[in-house]
Amino acid sequence: MENSAIIQINQLIKRFPMGKGEFTALKGINLDFGTGEFAGLIGPSGSGKTTLLNIIGSLDMPTEGEAVVLGKPISKLSSKESAKLRKESLGFIFQSYNLLQVHTVFENVEFPLLLLDYTTAERKKMVMDALEWVGLTDKVKSKPPQLSGGECQRVAIARAMVKKPSLVLADEPTANLDAANSHNILQTMLNLNRELKTTFIFATHDEKVIGYLKRKIFLKDGLVDHEEWINQ
Amino acid sequence: MPILIVAVGVAMSVFLHAYITGLMNDSIEMNAKLSFGHVKVVTKSFAENISQMPTDLALLETTALKEKLNQEFPDVAWVERIQFGGLIDAPDENGETKSQGPALGIGVDLFSASTGQGGEAERMGMAKSLVRGRLPEMKGEIVLSELFSQKLGVNPGDKITLIGSTMNGAMSYYNFILAGTLSFGVQVMDKGTIVADIEDVRLALDMDDAATEITGLFGSGYFSADLAADVKEKFLSDFPNLENDEYAPVMLSLKDQGSMGQFVDLSNTMGSIITFVFMLAMSLVLWNAGLLGGIRRYGEFGIRLAMGEEKKQVYRTLVYESVMIGIAGSVFGTAIGLFFAWLMQTYGLDLGDSMKGSSMMMPTIIRARITPVDFYIGFLPGIVSTLIGAMLAGIGIYKRKTSQLFKELEA
Ligand SMILES: Nc1ncnc2c1ncn2[C@@H]1O[C@H](COP(=O)(O)OP(=O)(O)OP(=O)(O)O)[C@@H](O)[C@H]1O
Ligand SMILES: [Mg+2]
């Protein structure tokens, strides 16, 4: 159903050194993602969701195998090249928001744009647009400590979306939110997925998130157990 | 906040350095003013027997000599002084000896205006040291150390007799009126010191136009070994050291006299060691603060790296910021440190009674002294340590995987 592959994962293995030996977190993953997917990695704690997401996001390196993201082989990227990939094409949403506490909502959302070549006026417009998407235009000057958890996560979504990346990776984005807020931000992300054709990949075990996914990838012990596609 | 930590550390370093310099300096200056001078001119043989204070080896024609010194060294304040030993005899109503005691005498110019600002009384801090009575106001009046006066059982207004020997070796008796008593706060001086006007002493000891020494104090008010060496060198070319002339004038610097040389060196060494140890401690504190400050920001760095900032760039901003913090903190801290040092230099800290009876020649009022070093000494721990701390913290950015930086944020 998707036209072009945005991610190709081939025999991906990830081992972590542990004590004297090693621990294999991913044991040979094969997955492809197409543009515009709204997919999720689902699995119990320790199944390797975060590990896989980190490799796709070029925050970590494969031990064996390869993950090609937007045409870039992650295992072969220098730290400079992976920074460039993240800067231009990727957005991250984390469980614990990870906002810069001493900066305002505006500055937090503006930050990814500062690494790119936009003028002040362009940046201002883009930040305000992003805050519009998440419904936070009235909190521009607030700082994270003054916001609720749901508002913080919406700032994080705006920050991930502001540069209109091709791919957004969201690791347990609702873990710290109540049901109403969870549905709210998921709806927001679904809208953005539709309007901007942004590919979303979640890592979650939250039923509320799973209900929104159009593709469910079940991980178990570092392997893909099975998949489910929901066609509308 | 980090700026404040740096500023406090730097301020403490600067203040401590000025304080120690002042402490060491005050002791030296007090010794210089009371007896040693920054430099002094004596006869060659007097220099060789200086501990016995041999008045028979005094300088002659000192008025002319002093005049010449004033011409050659206008920046040095020259004064004639006579240091002498003798016996003080306190008579009862009938003129019979009531009590007696050995005395260390100093004859200084108490009355003439030629001795410069405030004169010798001021230089020796006599007004501040006064315990009973008043300072001498006319010829024939004398002051005793308070302890000595108690030992002799004499009071201001009493008559006392100095029994000494003249320059020519004859016995001499001279009557004084006790004007008041002094306490210098220095045991050596408080035991048995008498201070008299130099003209009285000249009469008493038959030392017309003579003095045991001509003492010079530098215009800066502070002893400088370098300056003393320069002055000595110039003096030597004006007054060549004649081998056979026992009475030829020679110049001694403060450091040439008795244990003062060791005292000056010890002071400097002690000062340096204390300052060094303190600076080292301060450096460790600031180094640690810089390190912790950097580590606390690992989460932020993780976010920035995830956004696509390069490691090099993140590291560079960390180092750059720490330098900025170091500079700002150092400037601010140096200003604060100098301010407190200045307060302490101007007003001093009166330790008063707690220091009394000390056997060391230590002043009772502690003053800081600001030297040029104080303007930059704080920058060492302030900038270097902060920078090193930040650089070490920054290594973590390279060593750790980006994904790991988040774990530390979430923990
Ligand atoms: N840096 C690391 N060093 C060693 N082991 C690690 C490291 N990161 C992850 N692991 C291990 O790899 C396995 C998978 O971890 P991962 O974080 O991917 O799980 P997860 O599916 O995201 O779990 P959760 O739902 O609890 O977030 C776990 O057993 C974990 O202990
Ligand atoms: Mg996880």
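Proteins come first, then strands; the chains are lettered A, B, ... in the order of their sequence lines, and each starts at number 1.
- If you take CD1 on Ile303(B) and CZ on Arg159(A), they are separated by 5.5 Å, rounding to the nearest 0.5 Å.
- Remark: Tyr315(B) OH is packed, more than 12 non-hydrogen atoms of other residues, nucleotides or ligands lying under 6.0 Å away.
- Summarising the geometry, atom CG belonging to Leu100(A) is positioned 7.0 Å from atom CE belonging to Met307(B); distances are rounded to the nearest 0.5 Å.
- Around atom NZ of Lys220(A), no more than 12 heavy atoms belonging to other residues, nucleotides or ligands sit under 6.0 Å away.
- Heavy-atom contacts from other residues, nucleotides or ligands closer than 6.0 Å to CE of Met12(B) number 12 or fewer.
- Listed here is the closest heavy atom pair of Phe92(A) and Ala306(B): CE1-O, 3.3 Å.
- Shown here is Phe340(B), whose CZ atom has no more than 12 heavy atoms of other residues, nucleotides or ligands within 6.0 Å.
- For Leu90(A), no part lies under 4.5 angstrom from a heavy atom of chain B.
- Rounded to the nearest 0.5 angstrom, Leu115(A) CG and Glu310(B) CD are separated by 9.5 Å.
- Here CD of Glu309(B) is found 9.0 Å from NZ of Lys87(A). Values are rounded to the nearest 0.5 Å.
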